Amino acid sequence: ADIDTSKRIKVAMVPKLVGLSVFKANQQGAETAAKALNIDFLYTGPVTASAQGQVDVFNSLIARRFNAITTTSNNPTQLAPALRRARKQGIKVVSYDSDVAADARDFFIQNTDYAAFGKALVESVAKYAGPTAKVAILSSTPDATIQNEWINALKKYMTATYPKMQIVTTQYGQSSPSQSLTAGLNILQANADVTGIIAPDGAAEVGAAAAVEKLGRTGKVFVTGCSDPNAIRQYVKSGIIKESPLWDEVKEGELVMYVARLAVNNAIQRNGDFTAGDLGSFTAKDGVIVFSEPLIFNAANIDQYQF
Amino acid sequence: MNAPLLSQSVTQPGALQGVPVVQRSRVAASAGRDVRSIALAAVTIATVLLVGAFNHGFMSLQNLHFMLLNCVVLSLLALGQTLVIATRGIDLSVAPVLGLTAMVTGLMAQGGGLPLAGAFGIALAIGLVLGTINGLLVAKLAIPPIITTLGTYSLYSGLIFLYSNGTQVDSVPHAYATLGNGVVSDVLPLPIPVLVLAVVLLLVWFVLGHTRFGRAILAIGNNQAAAYNAGIPVTATQVGAYTASGVLAALAGLMFLSYTGSATVTTGTGDHMELQSIAVALIGGTAIAGGRGNALGAVLGALFLSVILTALVFVHVPPIWYSAGEGLMILVAVTAGAKRVAR
Amino acid sequence: MSRQSSERGQAVTGHYRASDITKSYGSVSVLRGISVSLEPGRIHTMMGENGAGKSTLFKVMSGIVRPNTGRLTLDDRSIAFASPHEAHAHGIYLVPQEPALMPELSVAETMFVGQLPTTGKLVRRVDWTTMKMRARAALDTLGLDIAVDAPARLLSIAQQQQVECAKALLRGCRVILFDEPTSPLTTHEVQHLFATMRRLRDEGYTLAFISHRMDEVLEISDDISVLRDGVLVDSVRHEQFDRTRLLSQMVGREMRTIPRRSWSCATDQPALTVSNLGRAGTFSDVSFTLHRGEILGLAGLVGAGRTEIAEAIFALRPHDSGTVTLNGEMISDLPTDEIIRKGLVYAPEDRARHGAILQMTIAENVTSGLIERVRHRLGLMDRADEDRIGADTVQRYRVRCAGTDQTLRQLSGGNQQKVVFGKWMGLSPTVAILDEPTRGVDVGAKEEIYELIESLAKDGIAILVISSEMEELVRLCDRIVSVYEGRIVAELSGDAITPERVARSYLSHAGDVQDIAA
Amino acid sequence: MTGANEVTAARGKTSRFPLGTWERSLLLLLLFLTVGLIAGVPGFYPGFAGFLALSENFLPFGLVALGLTTVILTGGIDLSVGATAGLSAIVMAELWSGLHISIWLAALVGVIAGGLLGLVNGLIITRLRTEPLIATLATSFIYGSIATALAGDTPPSGFPDSFNRLGTGAFGDIVPFQILLFAVAALLFSLLISRSIFGRKIIMIGYNVEAARYSGIRVDRIVTSAYVISGVMAGLAGIVLAAYYSAVRPDMGDLLLLSTITIVVLGGVSIFGGDGTISGVVIAVLLLGVLRQGMLIAGFSDMVTTMLTGAILLAAIAIKNVFAGRGGFLPMLLARFRPGTVSSN
Ligand SMILES: Nc1ncnc2c1ncn2[C@@H]1O[C@H](COP(=O)(O)OP(=O)(O)OP(=O)(O)O)[C@@H](O)[C@H]1O
Ligand SMILES: Nc1ncnc2c1ncn2[C@@H]1O[C@H](COP(=O)(O)OP(=O)(O)OP(=O)(O)O)[C@@H](O)[C@H]1O
Ligand SMILES: [Mg+2]
Ligand SMILES: [Mg+2]
């Protein structure tokens, strides 16, 4: 690769909160890439999923003169002022996974295209529960940005492609394993006719799958959603989750570092193509870089992914 | 203790006429049965019947089963909380103790195949140590309980991070899953967690109601100075109460892990289980000012909340209002009781 | 009198001695080399002014407070203890003035707290049956008809003290110290307590006692010691009792005892009129009129409802029926602060709980009756004014203190009472209700308070005195109204006011007049 | 019993004199900490204005702490401050975005809403005789629900810059508006608690409710007002946070609760009521704020910082107990006894 790595730079990765596997997978990839790219890498974040915590971390990074901050946001708008301040001081801001306000970052690495992901979710239910399935949605919180994007996308796709499919209820698990499990149980008990659960959140998908297992509805209710393979492996194997779309989070983490490096080098345009080492080439459009097509986990391929 | 009483010859019964006294006949009226538990049970059953009448799924054996299962973890916490509150204390650190136990045992089970017995041992150790630290801070350094456990809340939460380094537990070995989800036997389809809870409840009920330790807890909650003057080992008893709370929280952590098969850094704290457990203990009839504790009430309180929260789903209340419903029920339950206790 | 008692097979006699006890708090010397000797089969009374150190001495002797120097010996064996419980183990028990029971526990359990009997081999569980039986037996022994199953919070103060006595017996204590047990009790209850004490004395127990009531002391004591400023000034045996001498020793100057006064400033202008005041289950149909310059007494047994009537007048408790008029104005629907502004004040009987804020300073307590009077502007206070008011009060009522910024906790009970009194009188009320105004106040200060009450009456202030001290009522009142079970049952005035007739006026309803004969 | 009676009106240092021992120790600690951080942590002092701007990150906690102090002084507690802050901010934002009313007017309504929520707390506590802990716990759930419902799936954001300056702007580009606001609030509270008649009543109630009632204080009214004040301050903090983020979220106040209780207690306010000063709380706000910002800039993680805060809280109160010469069992008796139960004789 022709990336200039002569000058050592400091790049921080700030997840929504430290301690969730999803973000650890990003970290794993980022660390690998950082080594190759001569980056002083720091993984740090708040203890709870709060914007205040993230802002505190950003402020400290600004004070410590980091060259680039990469982050997935708890809230697109709340983080903006702090990140704008960072940009004003010449710090490059790269968001990934969950975006911040467009003018508060230089680049956004979108996991997958929202429409494509919505489609993947609906298809993984339709294939097993049929085109007339009664579907429940189990999301994280009512105002979770990315979940809402996906839910909107899947609804649009559902109406267009499977008009007979029906969403009977939408519940929230607050990203908490226990609340998600309880919500999953309640969904199934209160709506006996549900045959598919779409749970586009890590804790929610696991909770929904566990609920199906506990109620002995394996084979009758199909769960899909969005979770890292480690968390859902057992349910994929037991057939509760037939397909679950995601993307390669490790590789995504690598890309984040590439973009950060290129941004600091001023070697990347807000519109245009660029190459990120082995990852191949990507296209930035108004600063948005779509990382990949959805990667569908199923019983056959899931063991290839360990994160 | 074998005090010689005055010789009976000087007895002059009935010398106190004219002075208002607590007559012996008042006993029946004042020796209050456990009104709170009866009321809670009644309201819970009424809710089940009412919602069940419109939605048969609600009264299905399976749903009842899960409403019961759902309250096991909270019940365990509330039982510990009951002991502490009865001393006129409070334990906010139950949530991180739960989380830490779930995390430590979960990671060890996941990685090294820690046998279940080992997990129990580790949980016990964590609960003992962390609970005792709370107790010592309260009893020896005289830091008010709410401040002590607020401080250790931060510290113990930090330990979860230090230990896990941010990873999470996604699955547990079969033995754990059985502990969390199995039934005692096919003949007796009693869920194992419910059995565990029943045993713990019986134990706490017995300790609080019928042992010197339990009575010492109540005596301290009633009047600490008088308890000290009467020779009750105040420090040891207080430490004991916090230790018990720690151990029960750790057990709750293990049950949580077994039931959900998962543990994250925010397990316990993320759901504000400390506040929930306090609410449940108070709903159960334990006095926040200490001196009165009700073990059965605590469990019934947790069951009541579990039933109410499930009922909200069945009657199609929008999810946004669940926590409002919970708040309202806490308010109603506690206030209804306060009225009864008030003079 | 069986002085020796060896029921435990030992030569326990219970001769309890304290020698050269000193105790100081910081620079304040409270006890300065006190030696007393308590003998078995005798009741030894400590007298002395407020703050003389009586309670502190008892606390030292019962393990609550550690002395700086000094020695305690029981039957010539040196003993020491670090806690009341260890004192109990040595057979020494202090019945505190305000007994510390466990409100939520049963009477029986509160008696056995710290030493519940247990049963069972494998698991030791509390033996409720034995506990109740023995509690019952102990209460029966003292002739107390108290339900052992009832929650302790239902007990009256008198009952609580008696339960404390029973606790001492249960713990096998031979030395029982009573710190001012009689001040919250009525004459009748005092007699009952004394009966218990005499009974214990005759059994050979060693008893010590504190009281400010001279008549009581002369009646019950076998020995009297007088403390002044932390020094034991005299110790006399029964044969040598001399009222005047005791008084002057206590006060350190000549004391005159004033008999019932002959004058009266009572007018016929009504100041406070209570008509048909009632509250279901507490009191009913209470009517009386209090005139300017009059001192009216409310007599009755504990629980008669006098305090409740007063609290209802002061809007601290609700009432169902009736009216209260203050200087021609209806006040029965006004809140307490309005009533205070209209010129009625109420000094409650329970000083520590209702009368004073122990953590606040003297000055702050004095102004707390109507903080608005130190308003400066914009709702802010004038602290200088507050200090001045505080200092005035300290001076006028001779509060023994180091400064107006001392917290009330640091004052002795009697001095606290003076502050509370000053708090209310500083508002220049037209009507004052004084509930047990001299409870826990020493003889010297008591006389001062009596004189003060009289001077208030001379100024035309109407005063309602609720008191359980017969002497006090007789000494002070122009007129006395007796209350029995929430109803007014008799009224006495002028020369008809004698202790016997006052007692008879309410006890005739209770049906045991003979008890008061002593 | 004479002799000591010649008392002058001059009083020594009273318990609520502006800076007691505890406050002075905290202040000293704050000074050392600040100097140490400036000297030892690069980036902590990026110039005077930048240094002052650090306070924007924690002063909203200070606003809440002032209100919470009032409640804790009465012997109560308000667990709903976080939810109240969130709901007030949402109310403001929804009025602004939904009804298009001026942001400042909306902010005013938001603060008033905070006061109303406090009023609800106060009424529940005084009328229903519910324990403050449980009452405000319950209302925090309820307020949280309402905030979530009002906010919908995309809470409003992007407030006018003039408004955002309340959170991030600075007077003369040097002194942040937040500092000015906090200073004014602190001064007012200081007067309120230590100099005003209302404050005196609060303290009387905190020490001994019964004695306060017997002194003619309308306890329920004063207690309710304390919760209203707490609600107003929480509401104000919510508005400032909204300006700071230029966005709102129903759960944006969640972090406030535990931190502010820590601040208030570290500031020397007794959790049992009565005891405490505003100056102590103000110093504690700065101390914990500076500590947190300093540690983060020094490269410690959020988690370590949080742990350290907990440890400092415990150590401080333990030291306080020991220094008060009341270590061991006695202090507990003193501290835990509500006034009436201490035998004074
Ligand atoms: N803990 C304390 N700290 C400081 N001074 C104290 C303390 N306890 C008692 N004192 C002081 O010691 C003196 C003696 O108090 P004590 O209670 O023994 O008096 P007393 O004789 O019982 O008076 P009273 O008749 O009013 O009850 C008083 O001046 C009191 O202020
Ligand atoms: N039947 C009863 N049994 C037990 N306690 C009672 C009973 N009646 C009243 N008491 C208690 O006795 C105490 C004194 O009652 P109250 O204040 O009505 O009487 P009082 O005439 O003012 O007595 P005091 O002489 O103490 O002023 C109160 O604490 C009350 O709760
Ligand atoms: Mg009375
Ligand atoms: Mg005394």
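Residue numbers start from 1 in every chain, and the chains themselves are labelled A, B, ... in the order their sequence lines are given, proteins ahead of strands. Since the model is a prediction, treat every value here as computed from it, not as a measurement.
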Which bit of [X] is near chain B, if near means a heavy-atom gap under 4.5 Å: side chain, backbone, both or neither?
X      : result
D:L266 : neither
D:T262 : both
D:L137 : side chain

Self-check item: Check: D:Q293 and D:N57 side chains under 4.5 Å, non-hydrogen atoms
Solution: yes
Quiz prompt | Heavy-atom side-chain proximity of D:V91 to D:S88 below 4.5 angstrom | solution = no
Taking all atoms of both residues into account, what is the closest heavy-atom pair of [X] and [Y], and its distance?
X      : Y      : result
D:S259 : D:L255 : OG-O, 3.1 Å
D:A89  : D:G238 : CB-O, 3.6 Å
B:I143 : D:L314 : CD1-O, 3.6 Å
B:T149 : B:Y242 : CG2-CE2, 4.4 Å
D:E94  : D:P156 : OE2-CD, 3.3 Å

Practice problem: Against chain B, work out which of D:I134, D:L313, D:I317, D:T306 has the most heavy-atom pairs shorter than 4.5 Å and name it. | Solution: D:I134
Practice problem: Answer with side chain, backbone, both or neither: which region of B:L137 has an atom nearer than 4.5 Å to a non-hydrogen atom of chain D? | Solution: side chain
Exercise. Under 4.5 Å heavy-atom distance to chain D, tell me which part of B:L328 shows up: side chain, backbone, both or neither.
Key: both
Quiz prompt | Flag for B:N294-B:T82: side-chain donor and acceptor within less than 3.5 Å | solution = no
Practice problem: Taking heavy atoms only and a threshold strictly under 4.5 Å, list by residue number the residues of residues 155-165 of chain B that touch chain D; give 'none' if the list is empty. | Solution: B:L155, B:G158, B:L159, B:F161, B:L162
Quiz item: Between D:D220 and D:R213, is there a salt bridge with N-O shorter than 4.0 Å?
Solution: no
Quiz item: Step by step, would you call D:T136 with D:I125 a side chain to side chain contact (heavy atoms under 4.5 Å, CB included)?
Solution: CA-CA 9 Å; D:T136 55; D:I125 289 161; 4.2 Å; yes
Quiz item: About how many Å separate OH of B:Y153 and OG1 of B:T148, when rounded to the nearest 0.5 Å?
Solution: 16.0 Å
Exercise. Report, by ascending residue number, the residues of residues 138-148 of chain D in heavy-atom contact with chain B at a distance under 4.5 Å; give 'none' if the set is empty.
Key: D:A138, D:F141, D:I142, D:S145, D:I146, D:T148
Practice problem: Report the C-alpha distance between B:Q81 and B:S277 in whole Å, list the side-chain angles of each, state the deciding distance to 0.1 Å, and finish with yes or no for side chain to side chain donor-acceptor pair (under 3.5 Å). | Solution: CA-CA 7 Å; B:Q81 199 71 257; B:S277 66; 2.9 Å; yes
